[in-house]
Amino acid sequence: MKPTTELFDLIKSLTPSEKRYFKLNVSLQKGSKNYLKLFDALDSQKIFSEDDIKMKYKKESFVKNLTFTKNYLYKLIFRSLTSYTNEKSIGSKLNNILNRCRFLFEKSLFREYFKTVQTGKEMAGKYEMFSYLLEFLEIERQLTKKEDIGKINMNNIYDEELNVIEKIKNINSYKRAVSDLLKINISEGIVRSKAADERINQIISGRQFRNENEALSLIAKERFYFSMYLASRIKGGFKESLDYNRKRVSLISGNKKIFQKFMFDNYKESYLTLINSASLAGKFDEALYLHETYCRVFSKPGNTGIDGFIAYYEFRLLELIINEKSEPENNLISSIEKILIRYKDKITIDSYNIIYYNLSRYFFIRGNFAESLRLMNVLFDSRYQKHTPNIEPYMRLLNVLIHYELGNYGLLAHLVPAAEKYLKSRNRLFRTEKLVLSFLKKIIKTKTNQQARENFLTLDKELTI
């Protein structure tokens with residue numbers, strides 16, 4: 001059985017500070033620490049090789065129980081990561097404060113109890129941890145300082161609670177809009193029908209979308225910017241979507257601790273989205289500058305990381321396609337496919353499909369139809385294309401055009417009707433697609449150059465109307 005790479009991949013993903021924290025933690029433990037030798041051995045490898053470890057450390061006891069040691073080390077690293085994250089997490093700190101409140105209450109240490117409740121409230125409010133804030137308000141309402149009995153207006157606490165609930169509802173309204181817009185983006189990409197356009201307008205028609213001041217918290221404002229970015233992008237307003245993304249990155253970068261608590265690194269994700277937005281808006285110099293900044297801020301020394309690689313190759317490839325550059329880019333193009341093959345299991349299907357599709361477009365534009373077809377076949381053979389319904393119609397059309405350019409008319413007799421049927425079933429058979437497919441149906445049956453010329457002239461006229 002082939003050795004698994006999970007432990008190797010985990011160790012290689014650790015930051016220098018996470019490695020230091022792990023080693024500091026385990027140094028406090030008693031007993032043998034042979035697993036540290038395995039940790040260092042794996043950390044020193046550039047490419048995973050269990051055989052090399054067995055040879056190099058054949059006299060070490062941990063090699064005799066290598067499977068057990070690997071599993072133990074894997075669990076130990078995750079335990080250390082959990083502890084490391086908890087030390088930095090606002091949520092963990094607030095949870096600890098809540099537990100401290102409970103202990104102090106049980107011990108009747110009320111002076112410390114009231115101080116701790118106030119500390120928890122202030123921290124929860126500062127970092128917009130509204131669910132925790134509601135808990136602190138609840139325990140504050142249940143117990144009042146003796147000297148405040150009869151003086152405190154309990155309505156203030158109820159009003160504060162209502163204010164927090166209103167903020168939660170406000171955030172929820174933006175989250176719902178984002179969810180609805182993402183569904184449209186995934187299923188359709190850039191919308192091309194009046195009905196779809198009206199659907200987007202309906203999603204962002206509420207009062208909370210009048211302007212950013214309707215957002216009652218920083219978290220709500222971030223979701224406002226993100227929803228407006230999505231709405232603009234789906235409508236094809238790339239410059240407007242770029243403006244919203246710039247505001248979003250500025251907001252997050254100025255309030256990192258508030259956005260730290262999410263599962264995903266919002267700051268990092270917002271930067272990657274901004275790079276993509278700049279490239280879609282045709283601002284490739286800005287995309288390059290943003291990518292360089294991203295590498296300085298988020299990358300490990302000497303390692304851009306897979307997300308950084310993908311972001312770079314996406315905007316560089318799009319630049320070559322849009323500007324039809326003929327600069328020496330063979331190394332770039334070959335590097336892109338190597339990265340896709342090497343990191344196939346670590347790249348999202350969305351990125352994988354879009355890059356392969358754009359590679360095929362790149363070669364099609366330059367007249368290398370054989371290479372364009374090879375790349376398109378990689379996509380169809382992978383069966384991944386169904387996971388990106390927003391670009392699948394364009395993939396199918398490009399596939400038809402490639403075969404037309406290659407003169408595969410016999411195959412086109414089957415591909416054209418199949419593409420037409422597919423587009424109809426997805427409500428994506430728009431005027432341009434109808435005209436092109438109709439032209440191809442005619443050209444397949446054309447027997448003379450004069451007929452072919454007339455069909456081309458008709459198509460050209462209809463497309464320019």
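Predicted model, so just to flag it, every value in this text is computed and none were measured. Side chains are part of it too, since the values below use all heavy atoms of this structure and drop only hydrogens, waters and symmetry mates. Residues take their numbers from the sequence shown, with the count starting at 1.
You'll find the side chain of I165 reaches within 4.5 Å of the side chain of L134, heavy atoms only. Considering only heavy atoms from C-beta on, F48 comes within 4.5 Å of L42 through its side chain. Using a 4.5 Å heavy-atom cutoff, the side chains of S382 and Y356 are not in contact. Between L320 and N358 there is no side-chain heavy-atom pair separated by less than 4.5 Å. Using a 4.5 Å cut-off on side-chain heavy atoms (C-beta onward), I186 and P389 make contact. Side-chain contact check for K70 versus E50: some heavy-atom pair is nearer than 4.5 Å. Looking only at side-chain heavy atoms (C-beta outward), L423 and L437 come within less than 4.5 Å of each other. Taking 4.5 Å as the limit, every side-chain heavy atom of K239 sits out of range of all side-chain heavy atoms of D243.
Counting heavy atoms of neighbouring residues, nucleotides and ligands inside a 6.0 Å radius, atom CG of D381 exceeds 12 of them. Around the CZ atom of R431, the shell of radius 6.0 Å holds more than 12 heavy atoms that belong to other residues, nucleotides or ligands. Around atom NZ of K19, more than 12 heavy atoms belonging to other residues, nucleotides or ligands sit under 6.0 Å away. For Y289, the OH atom sits in a loose shell: 12 or fewer heavy atoms of surrounding residues, nucleotides or ligands are nearer than 6.0 Å. Around CG of L162, the count of heavy atoms belonging to other residues, nucleotides or ligands within 6.0 Å exceeds 12. Counting heavy atoms of neighbouring residues, nucleotides and ligands inside a 6.0 Å radius, atom CZ of F380 exceeds 12 of them.
Taking the six-membered ring where the residue is Trp, F224 and Y174 present perpendicular rings, their angle passing 60° and hence far from 30°. Ring orientation note: the planes of Y294 and Y271 are tilted relative to one another, at an angle of 30° to 60°. The aromatic rings of Y72 and F68 lie parallel to each other, with less than 30° between the two planes, well short of the 60° mark. Between Y343 and F309, the ring planes lie parallel to each other; the angle is under 30°, not in the 30° to 60° tilted range.
With rounding to the nearest 0.5 Å, the separation of CZ in R361 from CG in L375 is 13.5 Å. The CG atom of N323 sits 10.5 Å away from the CD1 atom of I321 when rounded to the nearest 0.5 Å. Here NZ of K183 is found 12.5 Å from CD1 of I234. Values are rounded to the nearest 0.5 Å. Note that NZ of K221 and CD1 of I171 are 13.0 Å apart. Values are rounded to the nearest 0.5 Å. Atoms NZ and CG, on K12 and L7 in that order, are 11.5 Å from each other to the nearest 0.5 Å. Separating the CG atom in L94 from the CZ atom in R100 is a distance of 10.5 Å, to the nearest 0.5 Å.
Judged by distance alone, the side chain of E128 and the main-chain N or O of L218 form a donor-acceptor pair under 3.5 Å. Formation of a donor-acceptor pair under 3.5 Å by the S279 side chain with backbone atoms of F284 is not found in this model. Without hydrogens or angle criteria, K283 side chain to S277 main chain gives no donor-acceptor distance under 3.5 Å. No donor-acceptor pair under 3.5 Å is formed between the side chain of T388 and the backbone N or O of I391. Put simply, the side chain of S80 never gets that close to the backbone of L76: no donor and acceptor are under 3.5 Å apart. Between the side chain of S425 and the backbone N or O of Y422 there is at least one donor-acceptor pair closer than 3.5 Å. When atom types are taken as modelled, the side chain of S250 and the backbone of R246 share no donor-acceptor pair closer than 3.5 angstrom. Of the possible polar contacts, one joining the N170 side chain to the L216 backbone as a donor-acceptor pair under 3.5 Å is found. When atom types are taken as modelled, the side chain of K256 and the backbone of S253 share a donor-acceptor pair closer than 3.5 angstrom. No side-chain donor-acceptor contact under 3.5 Å links H387 to the backbone of D350.
A cation-pi geometry, defined here as NZ or CZ lying under 6.0 Å from the six-membered ring centre and within 45° of its normal, does not hold between K121 and F136.
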Residue pair R396, N399: steps toward the side-chain hydrogen bond (donor to acceptor under 3.5 Å, both in side chains) verdict: CA-CA 5 Å; R396 287 176 178 265; N399 187 52; over 6 Å; no

Could you walk me through whether L182 and S179 satisfy the side chain to side chain contact (heavy atoms under 4.5 Å, CB included) test, starting with their C-alpha distance in whole Å, then the side-chain angles of each, then the deciding distance to 0.1 Å, before giving a yes or no? CA-CA 5 Å; L182 282 172; S179 178; 5.8 Å; no

Can you check side chain to side chain contact (heavy atoms under 4.5 Å, CB included) on S17 and R20, steps first, answer last? CA-CA 5 Å; S17 58; R20 283 195 299 273; 3.6 Å; yes

Determine whether D9 and T5 satisfy the following criterion, side-chain hydrogen bond (donor to acceptor under 3.5 Å, both in side chains), listing intermediate values before the conclusion. CA-CA 6 Å; D9 293 336; T5 64; 2.9 Å; yes

Steps toward side chain to side chain contact (heavy atoms under 4.5 Å, CB included) verdict (I339, I306): CA-CA 9 Å; I339 288 290; I306 187 60; 4.2 Å; yes

Could you go through Y229 and L242, starting from their C-alpha distance and side-chain angles, then the distance that decides it, and tell me whether this counts as side chain to side chain contact (heavy atoms under 4.5 Å, CB included)? CA-CA 7 Å; Y229 144 73; L242 175 59; over 6 Å; no

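I90 and M129 make their closest contact through CG2-CG, 4.2 Å (heavy atoms, listed as atom of the first residue, atom of the second, distance). When every heavy atom of L133 is checked against every heavy atom of G125, the shortest pair comes out as CD2-CA, 4.3 Å. Between E188 and R428, the shortest heavy-atom contact is O-NH2, 3.1 Å. The two residues F8 and Q45 come nearest to each other via the heavy atoms CE1-O, 3.6 Å. The shortest heavy-atom contact between I200 and A231 is CG2-CB, 3.8 Å. The shortest non-hydrogen separation linking I190 to K235 is CG2-C, 4.4 Å.
For E198 and Q202, the side-chain atoms include no donor-acceptor pair closer than 3.5 Å. Donor-acceptor pairing under 3.5 Å is lacking for the side chains of S131 and E135. Checked by atom type, the side-chain pair R102/N99 shows a donor-acceptor distance below 3.5 Å. For the residue pair N276 and R233, a side-chain donor N or O sits within less than 3.5 Å of a side-chain acceptor on the partner.
For Y127 and Y132, the ring centers sit 6.0 Å or farther from each other. Note: F39 and Y35 fail the aromatic proximity criterion, with ring centroids not under 6.0 Å apart. The ring of Y267 has its center closer than 6.0 angstrom to the ring center of F298.
A salt bridge links R207 to E214: at least one charged side-chain nitrogen sits closer than 4.0 Å to a carboxylate oxygen. The pair R426-E392 fails the salt-bridge criterion, with no side-chain N (NZ, NE, NH1 or NH2) lying under 4.0 Å from an Asp/Glu carboxylate O. Between E462 and K434 there is no salt bridge, since none of the side-chain N atoms of the basic residue sits less than 4.0 Å from a carboxylate O of the acidic one. A salt bridge is defined here as a Lys NZ or Arg NE, NH1 or NH2 lying under 4.0 Å from an Asp or Glu carboxylate O, and E319 with R316 meets this definition.
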